[in-house]
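Below you'll find the structure, written out as structure tokens, and then a few comments.
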Amino acid sequence: MASIRLEHLTKRFGNVVAVDDLNLEIADGEFVALLGPSGCGKTTTLLMIAGIYEPTEGKIYFDDVCVNDVAPKDRYVGLVFQSYALYPHMSVFDNIAFPLRLNKTPRAEIERRVREVAKLAQIENLLDRRPAQLSGGQQQRVALCRALVKEPEVLLLDEPLSNLDARLRIETRAEIKRLQKELGITTILVTHDQIEALSMADRVAVMHQGVLQQYTTPEELYNRPANLFVASFIGDPPMNLFEVRYRRGGELELPGGRALRLPEPLARRLEARRLEEGATLTLGLRPEDVELSETETPEGFPAEVYLAETLGGDLLVHFRLGDGGDGPRLRALTDPERRVTMGQRLWLVPDPNKLHLFGPDGRSLLAEAEEEAPVPHPQRA
Amino acid sequence: MRASSSNSTPNPNPTPVGAAAVEAPPRRRKRKREYAHLTRFARTKARLYAALPYVLLAIVSLPIVVMYSWLLMNSFSKKTLFGFIPQELTLNNWRFLWEPLRIGTSVHPSIWTVTGNTLLFAGGVTVLIVLISTLAGFALSRFDFRGRQSIMQLTILLHAFPGVTLMIAIFFVLLYLMKFTGLPFLNSLWGVVLVKAALEIPWSAWIIKGFFDAIPWEVEWSAYVDGCNRFQAWYKVILPQIRPGIAAIAIFSFLAGWGEFIFLYTFIFSEAFYTLSLYLNSIIGEFQVVEYGVVAAVALFYMIPVIVFFIFTQKGLMQVTVGGLKGGR
């Protein structure tokens with residue numbers, strides 16, 4: 001097993017900067033997800049770690065040894081692609097045995113290890129088949145076995161679940177996580193699916209246009225997004241974001257003129273930043289952190305129901321903010337038992353402890369104050 | 001439609017008031033007849049259309065059938081009527097199979113040596129072309145190097161350029177090579193193998209490049225991560241997946257080598273290195289006497305390996321037209 005460190009890692013393809021000055025530390029045995037929209041440089045990063053792409057600048061360390069000039073075959077990484085990339089001309093057994101045959105493992109040991117790993121992935125009965133005769137889920141397991149059989153230092157997963165159907169994806173997600181904890185292999189998962197990243201990884205690195213946005217635990221990522229991009233990217237349904245004006249004394253002026261009183265600690269923190277009176281900030285409010293009230297309350301502000309969608313366990317209500325219902329749109333999650341009619345006037349009461357505030361530069365005004373605090377490190381299983 | 005449906009309901013009042021109801025049945029019968037007529041017409045038309053391609057193709061292929069039957073009949077008979085109705089059956093025209101052929105004053109070399117030479121030539125061309133094109137195609141498909149694009153374009157241009165125009169230049173190249181190395185580049189099968197392969201390789205490399213292009217990068221990357229170096233990835237992972245492509249260029253190269261005449265004719269002077277095409281030529285070009293029966297028999301003999309080869313490889317060829325790769329991933 002190995003720890004990984006990326007230092008100032010940069011990859012350019014011609015004029016396109018795919019990965020821009022990426023710094024990342026991954027502890028031994030940790031499960032890290034690289035999360036971001038397509039084209040954000042996450043797969044490029046993974047391929048650089050595997051040794052397939054050469055970094056334009058920067059260094060990659062495995063256990064404090066620079067591996068920039070080490071060939072992929074000598075890096076002891078296991079790699080699973082979205083397309084699985086099985087060898088179609090070989091049987092499942094030969095696919096899994098391929099890395100072992102290449103490093104001249106004795107025949108009996110190959111047999112033993114292939115069967116062992118196949119048993120782990122529950123594909124022992126498929127060993128004689130060709131990849132074309134397998135379902136997507138089975139192919140995915142074979143690819144995972146092929147990556148695991150050589151007992152790699154690092155396991156790299158490039159969107160391994162994207163080609164599976166929804167139900168199988170949830171099952172496999174749990175299985176991979178369990179397997180990773182059992183074997184304790186340092187694992188990097190590349191995904192554009194936030195649920196996948198948040199549910200599987202110990203820490204998540206959010207990337208956007210080649211730049212690392214935030215690198216922290218799933219809980220932190222959800223509760224304290226570092227900037228507007230992370231705030232809008234993480235969460236489903238997404239966070240409500242709208243512009244507010246700062247009023248000295250711990251108040252925010254909402255669109256429509258109503259004022260939102262900030263809780264004391266938050267107000268003090270903003271005061272310390274010496275923001276200008278009337279500065280434009282962005283207020284973030286998760287749909288689940290909004291209470292609905294049918295009567296006017298001092299903390300609430302009026303809104304008109306625009307649309308209600310039933311999501312099964314929840315009811316997602318779209319609002320238009322303001323007295324006449326002409327302000328920005330806003331979403332709130334509520335109890336599906338609740339009766340909501342279109343055009344109805346309700347009061348929205350945000351949870352004052354779950355407000356997110358972003359400055360004009362898009363950075364969080366809350367997270368930075370805690371910057372000095374050490375990043376909570378995940379426990380190894 | 002409305003009228004016919006109202007007519008089909010039983011009329012409770014069968015008086016002349018329902019004039020439409022009285023008129024209706026004949027109209028319906030008429031329509032039925034009409035349909036029957038139309039159906040007959042459509043069937044005849046369909047039959048005609050189905051037969052048409054056969055008739056057309058039969059007419060077009062008649063000359064070819066005549067040609068081959070001429071060959072077959074002539075090779076087994078002393079005399080023929082109208083060219084292809086045999087008069088006297090004989091095996092005499094096939095005597096070259098068991099004895100050196102004598103026509104007039106000249107003695108021709110044994111057919112078996114000649115066949116061996118032809119096999120050697122076609123096989124040599126095939127091996128060389130397959131080996132070099134699979135390497136070149138891989139490089140063109142996967143490597144990013146300066147001038148890659150121009151090489152691809154030049155390849156097409158060069159292939160449009162008739163190789164025969166290079167005849168004299170090639171002669172000099174072979175001559176100088178022979179002078180400098182002391183190896184027999186002229187008047188040897190291997191010299192012509194080099195020439196033929198060199199002229200065929202650009203095209204084969206171009207074809208096989210398409211097959212390499214169809215292999216996803218991920219598969220190759222997996223091979224590297226699994227412990228392959230570049231050569232192993234090419235040999236163990238990628239080549240087995242483009243077998244249909246290799247089969248295709250192998251077949252075409254073999255047939256090109258088997259049918260080669262002009263370069264062999266120009267660069268080979270001694271009968272010891274004759275191939276079947278040269279052998280056939282020497283029989284046709286015999287002074288004053290031309291035994292058409294023998295020419296036909298040799299020509300047939302020349303075709304047999306090609307037909308056998310085709311029967312064994314047609315499956316591979318068919319796969320190519322289907323579109324390269326089979327099997328999923």
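Order of the sequence lines sets the chain letters (A, B, ...), proteins ahead of strands, with each chain counted from 1. Every value quoted in this text rests on a predicted model; they were computed, and no experiment measured them.
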Against chain A, residues from residues 225-237 of chain B with at least one heavy atom under 4.5 Å, in numeric order, are B:Val225, B:Asp226, B:Gly227, B:Cys228, B:Asn229, B:Gln232, B:Lys236, B:Val237

Part of residues 42-55 of chain A lying next to chain B, heavy-atom separation under 4.5 Å:
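The list, in residue order, reads A:Leu47, A:Ala50, A:Ile52, A:Tyr53.
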
Original post:
With distance as the sole criterion, is a donor-acceptor pair present between the side chains of A:Asp128 and A:Ser91 under 3.5 Å?
Top reply: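 Per modelled atom types, A:Asp128 and A:Ser91 side chains form no pair under 3.5 Å.
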
Between A:Leu155 and the options A:Leu148, A:Ile176, A:Thr186, the side chain to side chain contact (heavy atoms under 4.5 Å, CB included) test singles out A:Leu148

From the list A:Thr105, A:Asp94, A:Leu127, side chain to side chain contact (heavy atoms under 4.5 Å, CB included) partner of A:Val114 resolves to A:Leu127

### Message
Atom OH of residue position B:Tyr68 - does it have more than 12 heavy atoms of other residues, nucleotides or ligands inside 6.0 Å?
### Response
no

Cationic N near anionic O, under 4.0 Å, A:Glu111 to A:Arg107 | no

Can you confirm whether B:Ser222 sits close enough to A:Phe81 that some side-chain heavy atom of one is under 4.5 Å from a side-chain heavy atom of the other? yes

_Contact between B:Val219 and A:Tyr87 at the side-chain level, heavy atoms closer than 4.5 Å - yes or no?_
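In contact.
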
Would A:Met200 and A:Gln180 count as a side-chain contact (heavy atoms from CB on, under 4.5 Å) here? Give the steps. CA-CA 10 Å; A:Met200 291 167 82; A:Gln180 191 269 341; over 6 Å; no

- Query: What about the rings of B:Trp112 and B:Phe301, do their centers lie closer together than 6.0 Å?
  - Reply: yes

